Amino acid sequence: MLEFNESLIAFDLQAKDAQEVIGLLAGNMHAQGLVSAEYGAQTLAREMVHPTGLPTKPFCIAFPHADAEGVNRSALGVAVMHQPVKFQNMADPDEGLDVMLVFMLANRDPEEQIQTLRNLAVLFGQPEKLVELRDQATLQAVASWLRRELRLS
Amino acid sequence: MGKLIVVACGAGINTSTMAEDSIKERVAQEGFSDVEVKRILMADIDGFLGRTDLIMVVSMMKIFRTFNVPVFQGMPFLIGSKQEKDELLDKIVEVIKKV
C-alpha cells in the first residue's frame, strides 16, 4: 500500500534549490507519520553522493529517495515547480539539470511497490504526459491526475 | 551453468529495481530458464566481476571503466520511450543468446 494524498503534494512551488524541495516533501511525509524526522536529511545526504536528476524530455525531473530505514509506510510526494530547480544528473553527477517535477518516493520495499515503479517508468518515458502533469491548474487536479496515471488507490 | 546479469545503481533501491523488472519480464517472455537478474550496488561490483557465470552488466550510472563482459547503460529503463526500452531489451536478449 502506497500512501498518496493532497498533503504530500507541493504545487507551483518556488524553491531556491533541491535541498529546499526535499526538505519540504520530507516534512510533509513526516507530518503524517510516514517517515522519521531524519528522512529528509538522509535523502539529501544521499542526493549529494548519488543524485537522482533524470534527463527526461522536454524538461528534467528528479526522483529523490533514501534507503528504507526511516520509512514507516511507503509514500509518494510530488512537487510541481513554479520555475526549474537544479538537481544533478543520476547518470553523470557533474551535470546539473533543470528540474520541473520532483517525485519523492519513500519506499520500504521495492518489490512491494513494483507496480508503482513500473507506472512511474512508463510516465517518465512520455514527454506529453510530463507536460500534462506540469500544466495541471490546481493541486487537486495534480492529485487526481497522478492517481489516474499511476493507478494509485 | 546459469547466466548472471547484474543491474548496478548508486545506492538506492528504486531505480535498479525498475531496470531489473523490465529485464526479468523480457527474460520470462523469451523463455530463458537459466538467466538470473540481480540488482546490486555499484560499489559492490568488483565482487561479481570474477564470477564465471556473469554475462552482462547493466549500469544505471555513467560507465567510467571497462569490464570483461558487455555493459549497457540502463537509463532508458527509467526514462526511455516504449520503443527505446524495447530496443535496449533486444540488445540484451542478443547477448544472452550469444553466450
Side-chain angles (χ1 to χ4, degrees), chain A residues 2 42-43 45-69 71 74 76 88-95 97 99 101 103-130, chain B residues 5-29 36-46 57-67 70-92:
Chain A
L2 182 76
Q42 285 168 5
T43 304
R46 184 189 177 282
E47 190 70 30
M48 295 295 152
V49 185
H50 301 290
T52 64
L54 298 172
T56 46
K57 302 277 185 312
F59 49 79
C60 301
I61 64 172
F63 187 43
H65 49 276
D67 296 327
E69 193 190 339
V71 179
S74 297
L76 176 67
Q88 301 306 115
N89 189 342
M90 177 185 291
D92 183 359
D94 293 333
E95 185 190 0
L97 301 177
V99 163
L101 295 171
F103 299 82
M104 183 161 171
L105 187 60
N107 202 349
R108 277 197 325 168
D109 173 9
E111 305 292 340
E112 181 192 300
Q113 300 305 335
I114 190 72
Q115 196 56 53
T116 303
L117 289 170
R118 276 179 198 148
N119 295 341
L120 280 169
V122 171
L123 173 61
F124 294 171
Q126 297 181 88
E128 66 284 2
K129 291 282 183 189
L130 293 177
Chain B
I5 298 172
V6 294
V7 182
C9 79
I13 47 180
N14 291 324
T15 50
S16 51
T17 305
M18 287 151 123
E20 177 201 30
D21 179 58
S22 297
I23 299 169
K24 274 187 171 167
E25 186 189 38
R26 180 66 180 269
V27 160
Q29 277 171 10
E36 183 193 356
V37 186
K38 190 173 172 57
R39 69 188 133 85
I40 64 164
L41 300 181
M42 191 50 107
D44 295 335
I45 188 119
D46 285 319
V57 174
V58 177
S59 170
M60 306 311 286
M61 302 157 75
K62 190 176 177 181
I63 298 153
F64 54 89
R65 55 187 278 191
T66 54
F67 297 101
V71 184
F72 293 101
Q73 216 288 334
M75 193 60 94
F77 289 127
L78 259 79
I79 63 169
S81 63
K82 185 168 186 317
Q83 190 191 342
E84 288 165 333
K85 289 179 171 106
D86 285 343
E87 282 172 8
L88 181 53
L89 286 169
D90 289 345
K91 289 184 194 159
I92 288 172

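What you are looking at is a predicted structure, and each value in this text was computed from that prediction instead of being measured.
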Counting heavy atoms not belonging to A:Glu111, are there more than 12 under 6.0 Å from its CD? yes

Among A:Asn89, A:Leu130, A:Leu105, which residue forms the greatest number of heavy-atom pairs with chain B at distances under 4.5 Å? A:Leu105

Heavy-atom pair of closest approach, residues A:Ala121 and B:Met18: N-CE, 3.9 Å

Trace of the side chain to side chain contact (heavy atoms under 4.5 Å, CB included) decision for B:Met75 with A:Met90: CA-CA 9 Å; B:Met75 193 60 94; A:Met90 177 185 291; 4.2 Å; yes

Measure the shortest side-chain to side-chain distance between A:Leu117 and B:Asn14 over non-hydrogen atoms and say whether it is less than 4.5 angstrom. yes

Side-chain heavy atoms of A:Asp92 within contact of B:Met61, under 4.5 Å: no

Select one option (side chain, backbone, both, neither) describing which atoms of A:Val122 are under 4.5 Å from chain B's heavy atoms. backbone

Tell me if the CD atom of A:Glu128 is crowded by more than 12 foreign heavy atoms within 6.0 Å. yes

Salt-bridge criterion met for A:Arg118 and B:Glu20 (N-O under 4.0 Å): no

Side chain, backbone, both or neither: which part of B:Lys85 has a heavy atom under 4.5 Å from chain A? side chain

Which pair of non-hydrogen atoms, one from A:Pro55 and one from B:Ile79, has the smallest distance, and what is that distance? O-CD1, 3.6 Å

Could you pull out the closest heavy-atom pair between B:Leu78 and A:Phe124, with the gap in Å? O-CB, 3.1 Å

Sequence neighbours left out, what passes salt bridge (Lys or Arg N to Asp or Glu O under 4.0 Å) with B:Lys38? Give chain and number order. none

B:Phe77 versus chain A, heavy atoms under 4.5 Å apart: side chain, backbone, both or neither? backbone

Output the option from A:Ile114, A:Thr56, A:Leu120, A:Leu123 having the highest count of non-hydrogen pairs under 4.5 Å with chain B. A:Ile114

Excluding sequence neighbours, so at least two apart, what forms side chain to side chain donor-acceptor pair (under 3.5 Å) with B:Asp46? B:Arg65

